[in-house]
Amino acid sequence: MTPRRRTALFAVGTLTVGLLLATPQSASAANLIKNPGFETAGSGDMPYCWEKSGWGDNDFTFTTTSGAHSGSKAMKVELTRRVEGDRKALITESAECAPGVTPGKQYDLGLWYKSTTPDTALTLFRHDTTAGWQYWTDLKTLEMAGSWTQASVRTPEVPTGTDRITWGVSVYGTGSATTDDYTMEQVADPLPPAQCTGTADQCANGRWDVLPTQNPVRSMHSVVLNNGKVLLIAGSGNSEEQFNAGTFTSAVYNPATGTYKVIPTPKDMFCAGHVQLQDGRVLVMSGNKAYPVVGGHGYEGFKDSYIFDPVTETYSKTNDMNDGHWYPSATVLGNGDVISFGGLREDSTGSVTAELFSQAEQQWQPLWKVNQTWSYWGLYPSMILMQDGRLFYSGSHVFGNNIPGTGSAIYDYGANTVTQVPGLQRKDERDQSASVLLPPAQDQRVLTLGGGNIDSNPEGNRLTDVIDLKQPNPTYVAGPPLPQGTVDLGNGKVPETGNQGKMYVSAVLLPDGKVLETGGGLHNRANPVFESSLYDPATGTFDPVAADPEARGYHSSAFLLPDGRVMTTGDNPGNGTWNHNVSIYTPPYLLKGTRPSITSVIDTEWTYGDTQRITVDRPIAKAELIRPAAVTHSSDPNQRFVDLPLSVNGNNVDLNVTSNPNLAPPGWYMLFAVDANGVPSVAKWVHLQGPAALSATDASAHVHSFADDLSGKVTGPGKKRTSQKVSPTVSGCDRHYGSLNVCVPTAFPKEVKATTSARCAWLKKNDYGRLKVNGKDDPLGLDRNKDGTACGKADVRKG
């Protein structure tokens, strides 16, 4: 990771317009830009309705030049020296000059330009009626051009609460950009209203189908491969019998045929970490070395690491990690490297070692090459890559309490500092909550949903929190509560009441820009919750939809398929059973009539800053890249939706690829085209990489203010240490009872009285069956007659 650059946007010209020196050049009936060719002079050295803007350490000039594309004037912005930052001529941020816009609409922007540098971008700002002017996004990189060249691009849909925008060309490398004849026109609504092709309920809420063929393995890890298949990793599948037999499994599911292929698996990858590498292979790190022993150690993580090849469908070993990491994080960085934190070591203690897998060297780096804070981040800490290269720890994690402090933080790898971020509600009840970088990734907003705590075992909550990492000093703010569904408390489904929510939440980014949240449970590995809803980032609201008919609690997964449907697998209750049924969700957007089609992709090899052409069979409103899922335990920190601004010429659409690899780390992506009704195409696979991904030294070239002025507690590297002590009951299971794959809770739900009869009744209701007592201890008082079997008739009679 590269050191982050501190940035701050400021205008170097006045924001107000004084006495005009000539009659203003007005906007035309269609063109929303006033003074689009710089012909009307302003009160100072800038034309009417244009201002100087930019930031950073650089030498620059703004010049109104002759030799225009049309008329007598053009604008030249030049950098002769640059350390950081950019300069740009912007439409003045005033009600008089900045074009008015309508939320939900799109606009075609155009200009003519000449450029002597490849380091340019068409940059947008928007005026929020509540928050004021703020950076919106970079839409397009302009190629170098010695003669006048036309450029055009279509904006994303204007966000809710936006009434005006301003834009211009940012120059962030030495050289110049000369521009003229700006245009801005609202895009006409291209489609009539959608026609429902299902029942009214299906068109509003979607449809779930349980597949006829069951998943052959107890998979708890799901990775969508770059050929459209799905890798399902079980390892021992949380089964003592399979672990002792050395039977470790994976399967590859083919959605096109509905078939599974069981794959030989070299080690127990139960609760490993995983992520797709730049070339589409899957890096799998650590796993389970040993199950807990009563009165001895807890779970143990091994140092081994493997790569799965989708072509050969085989595993191969890499070099070892420096430490064991059962339940590690895995985040891919802008240069293709993978960074990992947390998990349990080979001795069952918590790992404080950060690990770095080098994309260039294809191996884990030795300890001395990796920056260390010697912090314990917990189990599956959700570490999300920010657009300036830092990592945002969202607060979502697994098993028990959160990290100390506020429960959320920003980690700057280059500076090796951790800064706490405030606002996360009930930070110690976010065990197996979900966190996602909301669509589009350019907005840099993160949503967390639900959660619980397997140690204290309260009811799963309805909490959601949203943070805007574009703010100079971001803080979580409370979002709307999760909708309630039904819950099975042991006697069938009943409506949730009070503040009942759920843990084990799955969250999936959809191609229409919404988020499907689904599945969950009310307590530690018990009481499945049946509820699904769609979160709309534009409105910040949930819309309840059809619920998965299958229980999806602990060890379940949900993920997007290339055809736009969502697949869900698994459920592993505390009694040790496993749900092998697989569900498929058809969202409402697939029941709105004919889908658009990407009829051709000129090139599937993409590089940063490219313009890539596709053809479609009818008009589309937007296109995006969605990184394929690599999910386990409610966690997929690499999940992201990257907007691709459009330049449209009939059925030919040019897609403008971000120049920032931190927004879209290198790798294979699903490319979706979406029409104005939110109906997506079937995805095409494209491969994003290139020199920028390998050598980016200043990814924050024109990123403006992103979490710049953090005021939270800042800590640097602590004293070097080997590990952190962790309770052997970290999984919330009391191993004094039953086999290893059975989880008798260390803390029962609060409504269960602390008596033998009440606890045994709860265990019976949840299908635990006969439970052998392991060893001589009986901490929960379930074997009152000391016959070695918990919850026998005599035990219950004794109270």
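- The pair R154-D108 meets the salt-bridge criterion, since a charged nitrogen lies less than 4.0 angstrom from a carboxylate oxygen.
- By the 4.5 Å heavy-atom criterion applied to side chains, L644 and Q612 are not counted as neighbours.
- With hydrogens and angles ignored, the 3.5 Å screen pairs a side-chain donor or acceptor of Y589 with a backbone N or O of G564.
- Taking the ring-ring contact (aromatic ring centres under 6.0 Å, His included) definition, one finds that Y535 meets it with F542, sequence neighbours left out.
- At a threshold of 4.5 Å between non-hydrogen side-chain atoms, the residues V679 and P596 count as touching.
- Scanning both residues, P661 and G334, for their nearest heavy atoms gives CB-O, 3.2 Å.
- In this structure, D675 pairs ionically with R618, as a charged nitrogen and a carboxylate oxygen lie closer than 4.0 Å.
- A donor atom on one side chain and an acceptor atom on the other are not found under 3.5 Å apart for R565 and T586.
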CA sep, side-chain torsions, deciding dist, call: Q432, Y504, side-chain hydrogen bond (donor to acceptor under 3.5 Å, both in side chains): CA-CA 5 Å; Q432 283 158 107; Y504 310 122; 4.6 Å; no
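- Within the 4.5 Å cutoff, no side-chain heavy atoms of L122 are placed close to those of S170.
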Test log, rule side chain to side chain contact (heavy atoms under 4.5 Å, CB included), inputs R426 and L463: CA-CA 8 Å; R426 300 207 325 241; L463 301 176; 3.8 Å; yes
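- When each of V674, L655, V642 is tested with E624 by the rule side chain to side chain contact (heavy atoms under 4.5 Å, CB included), just one qualifies, namely V674.
- Here I620 contributes atom CD1 and K622 contributes atom NZ; the two are 11.0 Å apart, rounded to the nearest 0.5 Å.
- When all heavy atoms of V275 and A330 are compared, the closest pair comes out as CB-CB, 4.2 Å.
- Side chains of T539 and T541: a donor-acceptor N/O pair is present below 3.5 angstrom, by distance only.
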Step-by-step side chain to side chain contact (heavy atoms under 4.5 Å, CB included) determination, L509 to L560: CA-CA 7 Å; L509 303 184; L560 179 68; over 6 Å; no
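- Using modelled atom types, one finds no donor on one side chain facing an acceptor on the other under 3.5 Å when comparing D617 with S597.
- Remark: the backbone N or O of A621 is paired with a side-chain donor or acceptor of Q106 at under 3.5 angstrom.
- Between the side chain of S53 and the backbone N or O of L90 there is no donor-acceptor pair closer than 3.5 Å.
- Taking CG of N652 as the reference point, atom CZ of R613 lies at 4.5 Å (rounded to 0.5 Å).
- At a cut-off of 3.5 Å, with distance as the only test, no side-chain donor of N31 or T183 sits close to an acceptor on the other residue.
- A donor-acceptor contact closer than 3.5 angstrom links the side chains of D465 and Q425.
- At distances below 3.5 Å, at least one donor-acceptor pair connects side-chain atoms of T658 with backbone N or O atoms of N660.
- Of the possible polar contacts, none joining the Q500 side chain to the G460 backbone as a donor-acceptor pair under 3.5 Å is found.
- A donor-acceptor pair under 3.5 Å is formed between the side chain of T475 and the backbone N or O of P422.
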Trace of the side chain to side chain contact (heavy atoms under 4.5 Å, CB included) decision for V224 with M567: CA-CA 11 Å; V224 177; M567 179 172 169; over 6 Å; no
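- Distance check: L625 CG to K684 NZ gives 15.0 Å after rounding to the nearest 0.5 Å.
- Using a 4.5 Å cut-off on side-chain heavy atoms (C-beta onward), T464 and L482 make contact.
- Using a 4.5 Å cut-off on side-chain heavy atoms (C-beta onward), W606 and L671 make contact.
- Applying the side-chain hydrogen bond (donor to acceptor under 3.5 Å, both in side chains) test to every pair with at least one member in residues 509-521, sequence neighbours left out, gives these pairs: K502-E517, E517-S533, T518-S532.
- To the nearest 0.5 Å, the span separating NZ on K427 from CG on L424 amounts to 9.0 Å.
- For the atom pair H127 NE2 and W133 CH2, the distance stands at 6.5 Å (nearest 0.5 Å).
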Test log, rule side chain to side chain contact (heavy atoms under 4.5 Å, CB included), inputs V169 and Y182: CA-CA 11 Å; V169 174; Y182 284 65; 4.1 Å; yes
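- What you find for R640 and A441 is that their closest heavy atoms are CB-CB, 4.5 Å.
- Residues W208 and T568 meet the side-chain proximity criterion, which asks for heavy atoms closer than 4.5 Å.
- The shortest heavy-atom contact between P665 and L385 is CG-CD2, 3.7 Å.
- Using a distance-only test at 3.5 Å, with no hydrogens or angles considered, a donor-acceptor pair links the side chain of S94 to the main chain of C97.
- Using a 4.5 Å heavy-atom cutoff, the side chains of V230 and L561 are in contact.
- Within the 3.5 Å criterion, the main-chain N or O of A683 finds no donor-acceptor partner in the side chain of S681.
- S435 and R430 share no donor-acceptor pair across their side chains, judged by distance under 3.5 Å alone.
- Here Y393 pairs with W377 under the ring-ring contact (aromatic ring centres under 6.0 Å, His included) rule; sequence neighbours left out.
- In this structure, Q195 and K592 have side chains that are not in contact, with every pair of non-hydrogen atoms separated by 4.5 Å or more.
- Under a 4.0 Å N-O distance rule, the pair R207/D201 does not qualify as a salt bridge.
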Working for side-chain hydrogen bond (donor to acceptor under 3.5 Å, both in side chains), residues D654 and T611: CA-CA 6 Å; D654 288 339; T611 298; over 6 Å; no
Pair T448-S394, side-chain hydrogen bond (donor to acceptor under 3.5 Å, both in side chains): steps then yes or no: CA-CA 7 Å; T448 67; S394 70; over 6 Å; no
Derivation and outcome, side-chain hydrogen bond (donor to acceptor under 3.5 Å, both in side chains), residues R126 and T162: CA-CA 6 Å; R126 66 182 188 91; T162 302; 2.6 Å; yes
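- Within 6.0 Å of the CG atom in D209, the count of heavy atoms belonging to other residues, nucleotides or ligands exceeds 12.
- Counted by atom type alone, D548 and S583 present one or more donor-acceptor pairs between their side chains at under 3.5 Å.
- Side chain to side chain, T123 and D138 meet the donor-acceptor criterion of an N or O pair below 3.5 Å.
- The CD atom of Q444 sits 5.0 Å away from the CD atom of Q387 when rounded to the nearest 0.5 Å.
- Here the shortest heavy-atom pairing between V436 and V515 reads CG2-CG1, 4.3 Å.
- Between P159 and W136 the shortest heavy-atom distance is CD-CZ2, 3.5 Å.
- F706 and Y135 have their aromatic ring centers within a separation under 6.0 angstrom.
- Side-chain contact annotation: S635 with S382, donor-acceptor N/O pair under 3.5 Å absent.
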